[in-house]
Amino acid sequence: MTAARPATARLPRAERVRKRPDFVRAQTSPDARLRAQSFLLLLVATDPAAPARLGVVASKKVGGAVERNRAKRLLREAFRRNKALFGAGVDVVVIAYPELAAQSLGGVLAELEALAGRIRQKTAELARRAARRHAGPAAS
RNA sequence: GCAGGCGAACAGGCGAUCGCUGGCGCGGGGUCCUCGGACCCCGCGCGGGAGGAAAGUCCGAGCUCCGCAGGGCAUGGUGCCGGGUAACGCCCGGUGAGGGUGACCUCGAGGACAGUGCAACAGAAAGCAAACCGCCGGUCGGCGCGGCCCUCGGGUCUCGCCUCCCCGGUAAGGGUGAAAAGGUGGAGUAAGAGCCCACCGCGACCACGGCAACGCGGUCGGCAUGGCAAACCCCACCCGGAGCAAGGCCACAUAGGGAGGCGUUCGCGCCCGCUUCGGCGAGCGCGUGAAGGGUUGCCCGCCCGAGCCUCCGGGUAGGCUGCUCGAGGCGCGCGGCGACGCGCGCCCUAGAGGAAUGACCGCCGCCGGAGCGAGGGCGACCGCGCUCCGGCACAGAACUCGGCUUACGGUCUCCUGCGACC
RNA sequence: CGGGGCGUAGCGCAGCCUGGUUAGCGCAUCAGACUGGGGGUCUGAGGGUCGGUGGUUCGAAUCCACUCGCCCCGA
C-alpha cells in the first residue's frame with residue numbers, strides 16, 4: 001500500500017472525496033460537526049487504512065464562479081498544509097460560507113488553528129472506535 | 001486645454017518556494033494475456049494549462065441519434081434594396097426617415113381601396129359624411145323715410161334697419177382634441193369654398209439615371225388615398241424533432257415482479273402429425289387485415305406490427321469513448337468601396353469531470369492619499385525626488401464554431417466642436 | 001442543456017390577455033368617536049419610480065426589445 005509513505009503537503013486524487021454518495025453521507029449523518037467563522041467542517045469515519053480525504057462544497061450562496069473557485073482553493077490549501085491534523089480513516093467535508101470569498105489564506109489558517117484541539121480529539125475518538133470494530137468481525 | 005465621435009490593440013511584468021492537472025519519456029508495482037503487448041496505480045524528469053467577454057443563453061450552424069425524412073395545414077420566426085457567408089434575426093455597402101453646430105449616431109423601414117376591429121375624455125361631428133356657434137340669402141312680422149290712394153282710422157308699393165322660429169346656402173372663422181379631409185398668399189362671392197390662380201405638399205402617368213430600394217425632371221389631376229398592423233390579419237421568404245445527461249463500447253445489478261386495459265383476422269401454397277378419409281391441429285412462406293406504435297402539434301401518405309399501452313414496485317446511476325486539427329490561427333500578396341474571397345508560407349494553441357489552470361513572498365510598473373526635502377511663482381499653487389499606506393477592473397472553459405447582448409479597466413491612432421496662445 | 005413562472009403601498013394579492021378616466025382589495029399604520037383605561041368595533045385619512053432602460057402609440061402597470069433579481073420543473 002502506497003499510503004505507507006510519510007505524509008507530505010500534497011493533495012493527490014486519492015486524498016479527495018470524489019463521489020456524490022460520500023458527500024451525501026457526510027452531510028446527512030456526520031460523525032462530528034465543527035463550526036468555524038467562514039466554513040463548516042463535517043467529519044465521517046471511513047476505512048482506517050485509507051488516508052484522510054477532503055471534499056469541499058461551495059454553493060451559489062458563496063458567490064459567482066470566481067468566488068466559489070477562490071473559496072475551494074483556499075480550503076484545499078489550508079487542508080494541504082495541515083494534513084497531519086486529521087490523521088487517517090476520515091472524510092473531511094467542508095462547506096464554505098459567503099464570507100469565505102473575502103477571506104485570506106492567513107485568516108483561514110487561523111480559523112483552522114483555533115479548531116485544531118477539537119479536531120485532534122474527534123479524530124482520535126473515531127480512530128479508537130474504528131479499531132475496535134475491525135478487531136472483532138474482521139475474521140470473516 | 002476642455003467636451004465629444006469612430007476605430008484598434010492590451011488585459012500588469014519578472015523571479016523564488018509549495019501544489020493541481022492532462023501529454024511525452026524513464027523507472028517500479030498490479031490486472032489481463034493470443035507472451036508481441038494492452039490497461040490501471042505510484043515516483044522522477046521535460047515542456048503545456050482560461051476569456052474578450054470563457055458570462056447571459058437571445059439567434060444561426062457543425063456533429064449525433066430519432067427505422068425512411070415525403071406532401072399539405074397550423075404554429076413560430078424574419079420583414080426597405082443589393083451583397084457577404086456553411087448559415088443567421090449577424091455583417092458590409094446603399095436608399096429613405098429622424099437626431100446632433102459638427103465628427104457622427106439611431107431606426108421592427110412590406111401592405112390600411114382583402115376583410116374584421118380600436119380611438120378614453122373633450123367635441124356638433126372620429127371616418128363618411130355631416131353641421132353646434134357663427135356668416136349669408138329668403139318667407140313672415142315690427143319700426144322708419146318717401147311715393148300713390150283715401151271714408152283721415154288706414155291701405156298699398158319701393159328702399160333701409162331690426163328680428164324668435166322656419167327654409168336654404170356655406171365650411172372661411174370660433175371652440176374640442178393626439179388627430180377634424182391639404183398649407184400660404186391672391187382673385188372671387190350674398191357669404192364662402194381648389195370654385196379659380198401662383199408656389200409648396202399629395203397622387204397618377206411618362207422620360208432619364210440606378211441590378212434594386214430610390215432619386216431627378218416633365219406633364220396631368222383640383223385633391224373623395226386620415227391614424228393604429230410592436231391589434232387580429234394579408235403578402236413574401238424561412239423552419240422535422242431532440243440535444244454531448246446527444247450517441248457508441250464495456251462492466252455491474254434486478255428478473256422477466258404485481259394490477260388493469262386493448263388485441264391476436266382471413267385466404268393460398270408447402271410440409272408434419274392424427275384420422276371414422278368428411279376433416280382437425282401445429283409449423284413455415286406469400287398476400288390480406290388488426291389493437292397499438294413510429295413519423296415529436298394535426299391530416300394524408302409511408303413504415304413497424306403479435307403483442308402493445310397505463311399504473312405500482314424493484315435495480316443501476318461505474319469505466320472508456322465522443323474530446324479537441326477546426327467553416328483553425330498568424331503573416332504576406334492579389335481582387336473588392338467594404339463585409340469578404342483567392343493564393344502562398346508558417347504554426348498546433350487548455351481539455352477538467354465534486355470538476356485542474358492555484359497559493360504565498362520579493363522586486364518593478366500604474367493610480368490615489370499622507371509626510372519630508374530641494375526648486376519655480378507676489379500668491380492660490382505647480383511639477384520633481386524619497387518614505388509609508390491603500391488600490392490595480394469585469395469575470396472562470398464543461399461538445400465545438402459564427403454572431404448578438406450585457407459587465408468592465410486603463411492606453412493609443414484618426415476625426416469634430418469650443419476656448420487660449422504663436 | 002431544455003422549459004415555465006413571478007416582481008404593483010410595510011406585508012399578502014387583483015388589475016395586464018382586449019392600452020384610456022381616480023391603479024383596486026385585505027391586513028398593518030395614523031387620526032377621531034364609543035369606554036374610567038386597555039382590547040374591540042365604527043368612521044375617516046395617509047402611503048405607489050407598477051423591478052430597471054429604451055421603443056411603438058395621441059396615450060403604456062398593460063404591447064415590443066434588452067436587462068436585473070427571485071422561484072419552480074424536466075433530462
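Convention: sequence-line order gives letters A, B, ...; per-chain numbering from 1. Because only heavy atoms are used, hydrogens play no part in the values below, and waters and symmetry mates are left out as well, while side chains stay in.
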Rounded distance (Å) that lies between atom [atom2] of [N] and atom [atom1] of [X]:
X	N	atom1	atom2	value
A:K72	B:A355	NZ	P	7 Å
A:E77	B:C361	CD	P	12 Å
A:N69	B:C20	CG	C1'	13 Å
A:L11	B:U21	CG	P	8 Å
A:R53	B:A355	CZ	P	11 Å
A:F23	B:A355	CZ	C1'	10 Å
A:L54	B:C20	CG	P	13 Å
A:F79	B:C20	CZ	P	13 Å

Between [M] and [N] - [atom1] atom distance, rounded Å:
N	M	atom1	value
B:C41	B:A355	P	16 Å
B:C323	B:G248	P	15 Å
B:C414	B:C104	P	16 Å
B:G111	B:C228	P	10 Å
B:U116	B:C299	C1'	28 Å
B:C135	B:C162	P	12 Å
B:C165	B:G160	P	24 Å

With a 4.0 Å cut-off on N to O distance, would you call A:R70 and A:E67 a salt bridge? no

If the threshold is 4.0 Å, N to carboxylate O, is there a salt bridge linking A:E77 and A:R81?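 Yes, charged N to carboxylate O under 4.0 Å.
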
I need the [X] [atom1] to [Y] [atom2] distance, nearest 0.5 Å.
X	Y	atom1	atom2	value
A:D31	A:E125	CG	CD	9.0 Å
A:L34	A:R118	CG	CZ	5.0 Å
A:L115	A:K122	CG	NZ	12.0 Å
A:L112	A:F79	CG	CZ	9.5 Å
A:L41	A:R33	CG	CZ	12.0 Å
A:L100	A:L75	CG	CG	5.0 Å

Chi-based syn or anti call at [N], which uses purine or pyrimidine torsion atoms and a 90° bound:
N	answer
C:U35	anti
B:G23	anti
B:G313	anti
B:A370	anti
B:G52	syn

Scan nucleotides 350-353 of chain B against the protein and return all N/O pairs shorter than 3.5 Å with their distances rounded to 0.1 Å.
unit_1: B:G353; atom_1: OP1; unit_2: A:R13; atom_2: NH1; d: 2.1

By nearest nucleotide on RNA chain B, pick out whichever of A:S104 and A:V66 is the more 5' one.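 Comparing both residues, the 5'-ward one is A:S104.
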
Evaluation steps, side-chain hydrogen bond (donor to acceptor under 3.5 Å, both in side chains), between A:Q103 and A:E111: CA-CA 10 Å; A:Q103 185 63 280; A:E111 288 186 33; 2.9 Å; yes

Between B:C18, B:C360, B:C20, which nucleotide gets closest to the side-chain atoms of A:R70? B:C360

If you only use heavy atoms from C-beta on, which nucleotide in B:G354, B:C18, B:A356 is closest to the side chain of A:R80?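 Within the option list, the nearest is B:C18.
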
Per the 3.5 Å Watson-Crick/G-U criterion and a run length of at least three, the stems involving RNA chain C are C:1-7 with C:68-74, C:10-13 with C:24-27, C:29-34 with C:40-45, C:51-55 with C:63-67

Less than 4.5 Å apart, any side-chain heavy atom of A:L109 and any of A:N82? yes

Report all side-chain donor-acceptor pairs from residues 85-99 of chain A shorter than 3.5 Å, counting only partners two or more places apart or in another chain.
unit_1: A:D91; atom_1: OD1; unit_2: A:R53; atom_2: NE; d: 2.9
unit_1: A:D91; atom_1: OD2; unit_2: A:R53; atom_2: NH2; d: 2.9

Looking at A:R73, does any N or O in its side chain come under 4.0 Å of the phosphate oxygens OP1/OP2 on B:U357?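 Looking at the OP1 and OP2 atoms of B:U357, one of them is under 4.0 Å from a side-chain N or O of A:R73.
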
